[in-house]
There are 2 protein chains.
Amino acid sequence: MDRVKIFSDYIVQKGLKTTNQRMVILKTFLSSRSHYSTEELYLKLRKKHPKIGYATVHRTLKLLAESGVAIEQHFGDRHARFEPVRANRHHDHLVCVECGLIIEFEEPNIRELQLQVAAEHHFKINNHRHELYGLCSRCAAK
Amino acid sequence: MDRVKIFSDYIVQKGLKTTNQRMVILKTFLSSRSHYSTEELYLKLRKKHPKIGYATVHRTLKLLAESGVAIEQHFGDRHARFEPVRANRHHDHLVCVECGLIIEFEEPNIRELQLQVAAEHHFKINNHRHELYGLCSRCAAK
DNA sequence: CAAGAAATTGAAAATGGTTTTCATAATCTA
DNA sequence: TAGATTATGAAAACCATTTTCAATTTCTTG
């Protein structure tokens with residue numbers, strides 16, 4: 001289903017309101033590269049929509065996460081990042097600690113092993129975090 | 001090698017000083033359950049050593065991490081946690097989102113797959129984070 | 001062993017990302 | 001379209017973390 005619709009439905013279902021700001025934020029969020037921090041998205045939005053406040057961006061990102069359109073991530077640095085939910089729901093990340101490059105990868109065998117481990121410990125897994133930190137080829141070459 | 005010695009050596013090598021506070025913090029840190037947050041350790045220490053300040057605990061934990069005796073972790077909640085380094089250096093975590101239970105596990109096959117993925121993307125991995133979040137058997141049963 | 005240099009400590013203040021407050025504005029219901 | 005409710009933006013509050021600074025402790029050197 002279209003992610004805009006998912007969000008709209010969530011808004012209605014919760015008795016919230018559809019505002020210009022929310023739609024602008026959602027579209028900008030969906031249309032660009034992933035892994036936005038609140039500040040990055042705020043700065044980007046400000047160019048075309050100087051009146052949108054930081055708090056609104058922040059609240060909307062939280063709302064996007066709530067509605068299932070975005071996922072909140074916490075990489076090593078201090079700020080949260082938000083990533084649009086896409087078809088390949090389950091992927092993990094390679095993060096370059098030097099330049100900040102983030103590469104997504106999917107490895108079904110890892111998934112399988114995760115489930116196995118969880119079963120061994122009688123855990124019921126809701127979500128997970130799996131990130132590999134290091135140097136990308138470019139930074140390693142320096 | 002003994003972890004107290006590793007730390008002492010680090011202190012000397014860096015031209016720092018061996019203080020009572022540092023030794024007390026180190027020993028308490030090593031002698032108890034893992035995964036302390038700064039505040040938890042501070043509160044625990046305060047019972048027997050009421051004069052140790054929060055800042056000192058914080059600085060010492062950072063120092064422990066620097067010296068390789070501790071590893072700084074960031075789980076979902078907002079504060080950092082520190083874990084003593086042990087023999088099974090490479091392990092991952094199962095975290096119960098309900099009661100906070102943390103179980104460590106090791107799965108060599110996952111490690112292998114990680115290396116493989118990194119190689120595919122020409123990444124040089126320094127460290128990683130791998131956590132599975134969900135409900136432990138006890139909480140799932142409720 | 002004592003004195004001086006240098007590092008450490010603890011309390012309080014600063015920092016910085018995140019979250020909340022509050023008056024005003026916009027949306028939506030009836 | 002009015003009235004009720006939610007959203008917005010700016011500023012303030014929050015809170016874990018980090019830094020500052022005067023006083024204290026450690027350690028080196030004479």
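All figures in this text were calculated on a predicted structure; none of them were measured in a lab. Chain letters run A, B, ... following the sequence lines, proteins first and then strands; every chain starts at 1.
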Is the His121(B) ring parallel, tilted or perpendicular to the Phe105(A) ring (thresholds 30°, 60°)?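 Aromatic pair His121(B)/Phe105(A) classed tilted.
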
Is the ring pair His35(B)/His93(B) parallel, tilted or perpendicular, if the boundaries are 30 and 60 degrees?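 Perpendicular, since the angle between the ring planes exceeds 60°.
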
Any side-chain heavy-atom pair of Glu66(A) and Leu64(A) under 4.5 Å: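 No. Closest side-chain heavy atoms not under 4.5 Å.
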
Rounded to whole Å, how long is the line connecting atom [atom1] of [X] with atom [atom2] of [N]?
X        : N       : atom1 : atom2 : answer
His79(A) : dT17(D) : NE2   : C1'   : 15 Å
Lys51(B) : dT8(C)  : NZ    : C1'   : 15 Å
Leu61(A) : dT8(D)  : CG    : P     : 12 Å
Arg81(B) : dT17(D) : CZ    : C1'   : 15 Å

Please say which of His130(A), Glu107(A), Glu106(A), Glu83(A) ends up in a side chain to side chain donor-acceptor pair (under 3.5 Å) with His91(A).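 With His91(A) as partner, His130(A), Glu107(A), Glu106(A), Glu83(A) yield a single side chain to side chain donor-acceptor pair (under 3.5 Å), made by Glu83(A).
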
Can you sort out which residues in residues 35-46 of chain A have a heavy atom within less than 4.0 Å of DNA chain C? Ascending by number, please.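 Residues of residues 35-46 of chain A that come under 4.0 Å of DNA chain C do not exist, since none gets that close.
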
Proximity of Tyr36(A) and Phe82(A) rings by center, below 6.0 Å: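 No.
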
Could you walk me through whether Arg111(A) and His128(A) pass side chain to side chain contact (heavy atoms under 4.5 Å, CB included), step by step? CA-CA 10 Å; Arg111(A) 165 116 330 100; His128(A) 75 277; 3.5 Å; yes

When only distance counts, do a donor and an acceptor, one from the side chain of Arg59(A) and one from the base of dT21(C), lie under 3.5 Å apart?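 Flag set: donor-acceptor pair detected.
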
Out of dT19(C), dA11(C), dT17(D), which nucleotide sits closest to the side chain of Lys62(A)?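 When the side chain of Lys62(A) is considered, dT19(C) is the closest of dT19(C), dA11(C), dT17(D).
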
Could you identify which residues of residues 9-29 of chain B place a heavy atom less than 4.0 Å from some atom of DNA chain D, listed by residue number, or say none?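 Within residues 9-29 of chain B, the residues near DNA chain D are Lys17(B), Thr18(B).
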
Are OP1 or OP2 of dT17(D) and a side-chain N or O of His58(B) less than 4.0 angstrom apart?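 No, outside the criterion.
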
Do any side-chain nitrogens or oxygens of Tyr54(A) fall under 4.0 Å of OP1 or OP2 in dT8(D)?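 No, Tyr54(A) has no side-chain N/O under 4.0 Å of OP1/OP2 on dT8(D).
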
Hey, what do you get for CG (Leu94(B)) to CZ (Phe123(A)), rounding to the nearest 0.5 Å?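 Reported value, rounded in 0.5 Å steps: 5.0 Å.
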
Carboxylate-amine/guanidinium contact Glu40(A) Arg81(A), below 4.0 Å: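 Salt bridge: yes.
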
Charged N to carboxylate O under 4.0 angstrom, Glu98(A) versus Arg138(A)?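 Answer for the salt bridge query: no.
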
